[in-house]
Amino acid sequence: MTGEGQYDVIIVGGGLAGLSAACELSSDEKKRVLLLEADGRFGGKVRTESRNGIVYETGAIFAFDPKWFDFPVDAGPHDENDHPVGLLHQERLYTGDSVDECIRSLCPELRQLVCLPFFLSSPNPQEAMIGEDMYSALSAFFRVIHPGTPSEAVVPRRRDCLIRHRADRFERGNGAMTDAMALHCRAEIKTGCRVYKLEPSGGGGARVLWRDAGGAEGEAAAPKIILAVPAPAAKKLCDEQANVSTEFLGRVRYGGGIAVILHCKVPDRLVLSYMVSTHGNFNTFIFHQVPNAPDEAVVTGYIVAERAAACEGMNDEDLTRMMTEELQATGIGEFTAQNCSLLESRLWPEVAPIIEEQAYRGFSATWLHPMPGVVLAGDYTWWDGAMLPYGMWPAIASGRRAARMCLLPDFAPLSVDFSRMPLAETTVLRLKESGPEYTETFRDGTIAYYGLLLQAANVRDDRFPLLESEYEEVERYLLGEAVDGLWCYQRDYGATSLDSALVMEGLLSTGRHGEYLRDACRRLVCAFFDREEGGFRTKPAGSLGRAPYWRGVDCPATALCAWLLLQIDPGGYAEEITLCRGYLLRRQLVSGGWPGKWFPSQTIPIWYALRFFASLGDSSSDSTLPGAISRAVCRLQSGQGNDGSWNGSVIETSAALLALESASPDSPSLDAGRKWLLSARGPGGVPGEPILAYWFEENGVRDLFFTRDLGRVTSAWATLALAKRKECPKL
């Protein structure tokens with residue numbers, strides 16, 4: 001865009017996420033990018049200061065990793081701090097090279113072996129069940145990087161209690177990183193500009209209004225806005241909106257923190273990298289030697305969570321006295337008012353998000369669009385397989401992702417949170433020598449099968465209603481759920497070829513997204529195609545999966561993916577399509593069907609294969625193809641029951657009807673099957689049916705998973721089978 005106050009992208013917030021987004025957008029020299037920062041300096045929680053030649057951090061204290069960037073960051077020499085860690089509990093100091101060693105010194109090994117797994121995995125670990133001393137110690141180590149308690153956090157984050165952090169640093173500090181990012185990006189950076197309003201603009205995107213440090217008003221507009229500020233500030237700017245994104249912003253809670261940095265002259269060299277305390281006001285002390293001054297150290301004390309709230313009104317003199325008294329009580333050195341002087345203290349009202357279940361359960365990338373053209377960024381928005389939306393790297397990664405989102409077509413907020421609307425219910429049985437034992441039941445399936453629903457929505461049939469008014473949002477939801485251009489059954493489960501293909505088939509049915517789907521085909525082939533076997537694996541190359549049978553090529557995945565290649569880019573994937581045809585012909589069973597690894601269905605693999613074969617038409621010169629089709633049709637016809645159904649199942653019958661319609665549209669089995677399918681709907685709709693069956697094998701233990709849909713998936717199959725046949729939309 002051109003003209004005064006008109007930009008291609010406006011970034012609100014000059015912390016790591018905002019700077020990272022600006023760097024990512026700099027690859028296009030033609031883009032005009034404006035970055036607005038409310039503070040008088042950029043960097044966010046990265047604040048490196050210098051006083052009397054001493055460099056120290058008042059925010060993000062652990063050192064960054066230069067490997068995060070593809071441009072040089074000159075931070076000076078690297079000082080490795082590999083001293084032991086300490087645990088101060090009830091006026092006694094325990095030390096070790098790891099958190100485990102400190103805990104072993106504190107607690108009997110047997111109690112640790114019994115209680116620690118419970119603490120790490122229980123939804124609500126109680127102090128009484130593992131002991132006050134062990135619970136306090138683990139909580140103290142957890143709060144080195146988290147402002148909440150372990151019991152508040154999502155279960156996978158509990159393991160952060162056991163992380164032994166490296167207290168390394170660079171001579172020029174973390175500020176060298178933000179300086180390098182600002183120099184590398186091509187954005188116009190304005191500091192001291194507090195954004196107070198976002199409002200939709202007539203041409204899409206939004207207008208951004210701000211006041212500078214002198215009170216002067218400013219405004220600019222752009223089709224894409226990156227909101228790289230903490231959740232409370234983002235919610236305030238978007239508070240007039242009511243959608244899934246603003247609901248998420250309202251659920252995110254932050255904890256506060258206070259950093260107190262002392263310059264200490266101690267006669268003996270410090271022998272700890274950092275120390276946690278279970279009972280003092282300060283939770284963590286981090287020690288750094290002053291370069292070329294062996295008797296001097298910079299000690300950073302952190303007060304977090306409820307302790308920080310209690311100390312919020314204290315002045316610098318009181319904070320310094322309190323810190324020196326607590327350090328003196330450790331016995332690790334002489335920390336007195338005479339040899340310790342305050343460098344700085346800083347209150348962080350929102351030091352970090354509390355990563356709790358109520359905020360992050362079922363996290364979806366579609367939560368990040370609070371207004372048309374607006375995308376959220378910041379560490380709290382980053383949720384990948386590690387589930388750690390906190391810290392410098394998540395902030396940087398979130399900025400890069402937000403910048404890439406700005407390259408996509410227009411995005412808009414969702415009013416329906418599909419990520420919290422599972423389509424299925426899974427029951428787990430554990431196989432034991434005494435027989436199967438029930439383990440748990442949970443609801444899942446929040447992505448891939450929505451592709452099937454989207455496909456059915458495009459042949460809407462009122463006899464089998466699916467999502468009613470929600471149709472138009474499913475498409476945007478699935479586009480937002482892509483991870484590196486592919487999809488999974490549920491977020492954090494990992495992308496598979498079958499799950500990706502289900503979503504791609506749904507998007508294909510809209511007749512849109514041609515370029516997007518061609519890119520998805522490229523990624524699908526790159527990740528899953530086995531050229532030697534001539535087919536598609538379910539899991540990516542090199543992935544062993546959770547059981548031996550997961551490995552290798554899968555017939556339904558091969559048939560479905562090959563059909564998609566044929567529809568989306570037949571010329572570009574002629575070789576892969578030919579190899580897939582050969583693989584499926586070789587793998588056809590004597591009975592006429594095909595084996596599958598994941599579906600409890602016998603007819604779905606036949607439907608996928610026959611549709612692919614029928615789509616080849618006259619383009620295939622393989623003389624064995626008609627015979628293979630004929631055997632599959634015979635297999636289907638012989639499996640139909642006297643009532644017209646296949647095994648009394650809506651899904652089995654629907655897949656069989658679709659297969660026969662594609663390969664043998666004059667089959668006498670079709671009318672009886674359709675009649676039965678119409679009668680299958682009861683007063684409460686179509687009942688849910690099994691859709692997946694699989695198992696895990698770990699350490700000699702096998703868990704069986706049986707997944708049944710809650711009704712919508714079964715309805716989608718019926719809708720597709722009863723709809724009038726139409727050609728696949730052309731891209």
Side-chain angles (χ1 to χ4, degrees), residues 16 43 45-49 54-69 73-88 93-105 137-147 150 156-178 180 257 259 261-262 264 269-277 282-291 294 296-302 304 330 332 351-352 355 379 382 386-397:
L16 284 176
K45 294 187 184 71
V46 175
R47 297 185 71 95
T48 302
E49 305 286 357
I54 299 173
V55 176
Y56 57 92
E57 310 285 349
T58 66
I61 195 166
F62 295 120
F64 71 95
D65 188 343
K67 294 178 182 177
W68 293 343
F69 307 100
V73 178
D74 181 13
H78 179 222
D79 176 26
E80 294 188 9
N81 187 345
D82 57 359
H83 296 307
V85 296
L87 165 65
L88 186 64
L93 181 64
Y94 303 87
T95 62
D97 289 329
S98 66
V99 174
D100 279 337
E101 284 189 22
C102 292
I103 300 296
R104 279 200 299 270
S105 300
L138 290 170
S139 297
F141 279 113
F142 183 79
R143 285 182 160 178
V144 172
I145 60 171
H146 295 289
R157 287 272 55 84
R158 301 260 181 79
R159 294 192 174 275
D160 293 347
C161 298
L162 304 178
I163 294 177
R164 194 272 196 227
H165 303 280
R166 292 191 62 87
D168 299 358
R169 66 172 181 172
F170 290 96
E171 183 180 71
R172 292 182 53 218
N174 291 329
M177 167 181 60
T178 52
I261 302 94
L262 300 183
C264 302
R269 183 178 176 82
L270 295 172
V271 292
L272 293 176
S273 57
Y274 66 92
M275 173 181 63
V276 300
S277 173
F282 285 83
N283 182 83
T284 309
F285 297 100
I286 303 173
F287 305 96
H288 288 120
Q289 294 295 145
V290 174
E296 299 180 28
V298 172
V299 184
T300 302
Y302 272 119
V304 295
T330 66
I332 62 173
V351 70
I355 311 170
D379 56 358
W382 184 254
M387 291 184 275
L388 181 58
Y390 165 66
M392 290 192 290
W393 167 246
I396 291 168

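Side chains of Phe69 and Ile396 form a contact here, defined as non-hydrogen atoms less than 4.5 Å apart. Ser273 has its side chain out of reach of Asp82: every pair of non-hydrogen atoms, C-beta onward, lies at least 4.5 Å apart. The shortest side-chain heavy-atom distance between Val73 and Phe64 falls under the 4.5 Å cut-off. The shortest distance between side-chain heavy atoms of His288 and Tyr56 does not fall below 4.5 Å. The closest side-chain heavy-atom distance from Trp68 to Met392 is below 4.5 Å. Residues Ile163 and Val99 form no side-chain contact, since every pair of their non-hydrogen atoms from C-beta on lies 4.5 Å or further apart. Here the side chains of Phe287 and His83 are not in contact, with every heavy-atom distance at 4.5 Å or above. Using a 4.5 Å heavy-atom threshold, the side chains of Pro84 and Asp97 count as touching.
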Audit row: Ile261, Val298, side-chain contact (heavy atoms from CB on, under 4.5 Å) steps and yes/no: CA-CA 7 Å; Ile261 302 94; Val298 172; 3.6 Å; yes
Could you walk me through whether Val271 and Thr95 pass side-chain contact (heavy atoms from CB on, under 4.5 Å), step by step? CA-CA 10 Å; Val271 292; Thr95 62; over 6 Å; no
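Side-chain N or O atoms of Gln289 include one that pairs as donor or acceptor with a backbone N or O of Pro294 at under 3.5 Å. Judged purely by atom type and a 3.5 angstrom limit, Asp168 uses its side chain to pair as donor or acceptor with the backbone of Asn81. With hydrogens and angles ignored, the 3.5 Å screen pairs no side-chain donor or acceptor of Arg169 with any backbone N or O of Asp79. No donor-acceptor distance shorter than 3.5 angstrom exists from the side chain of Glu57 to the backbone of Glu49, with no hydrogens or angles considered. Of the possible polar contacts, one joining the Thr48 side chain to the Gly175 backbone as a donor-acceptor pair under 3.5 Å is found.
Rounded to the nearest 0.5 Å, atoms CD1 (Ile103) and CG (Leu162) are 7.5 Å apart. Atom OH of Tyr274 is separated from atom CZ of Phe62 by 6.0 Å, given to the nearest 0.5 angstrom. The line from OG of Ser277 to CZ of Phe282 is 10.5 Å long, rounded to the nearest 0.5 Å. Taken to the nearest 0.5 Å, the CG atom of Leu88 stands 11.0 Å off from the SG atom of Cys102. Annotation: the span from Ile286 atom CD1 to Met275 atom CE amounts to 11.0 Å, rounded to 0.5 Å.
Asp65 has no carboxylate O lying under 4.0 Å from a charged side-chain N of Lys67, or vice versa, which leaves the two without a salt bridge.
Nearest heavy atom pair, residue Phe170 against residue His78, reads CE2-CB, 3.8 Å. Taking all atoms of both residues into account, the shortest heavy-atom contact from Ile355 to Pro389 is CD1-CD, 3.6 Å. In this structure, Val46 and Ala60 approach most closely via the heavy-atom pair CG2-CB, 4.2 Å.
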Could you tabulate the donor-acceptor pairs under 3.5 Å formed by side-chain atoms of residues 137-146, not counting sequence neighbours?
from	atom 1	to	atom 2	distance (Å)
Ser139	OG	Tyr135	O	2.9
Arg143	NE	Gly148	O	3.2
Arg143	NH1	Glu306	OE2	2.9
Arg143	NH2	Glu306	OE1	3.0
His146	NE2	Asp160	OD2	2.7

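Counting non-hydrogen atoms of neighbouring residues, nucleotides and ligands closer than 6.0 angstrom, the CZ atom of Arg159 reaches no more than 12 such neighbours.
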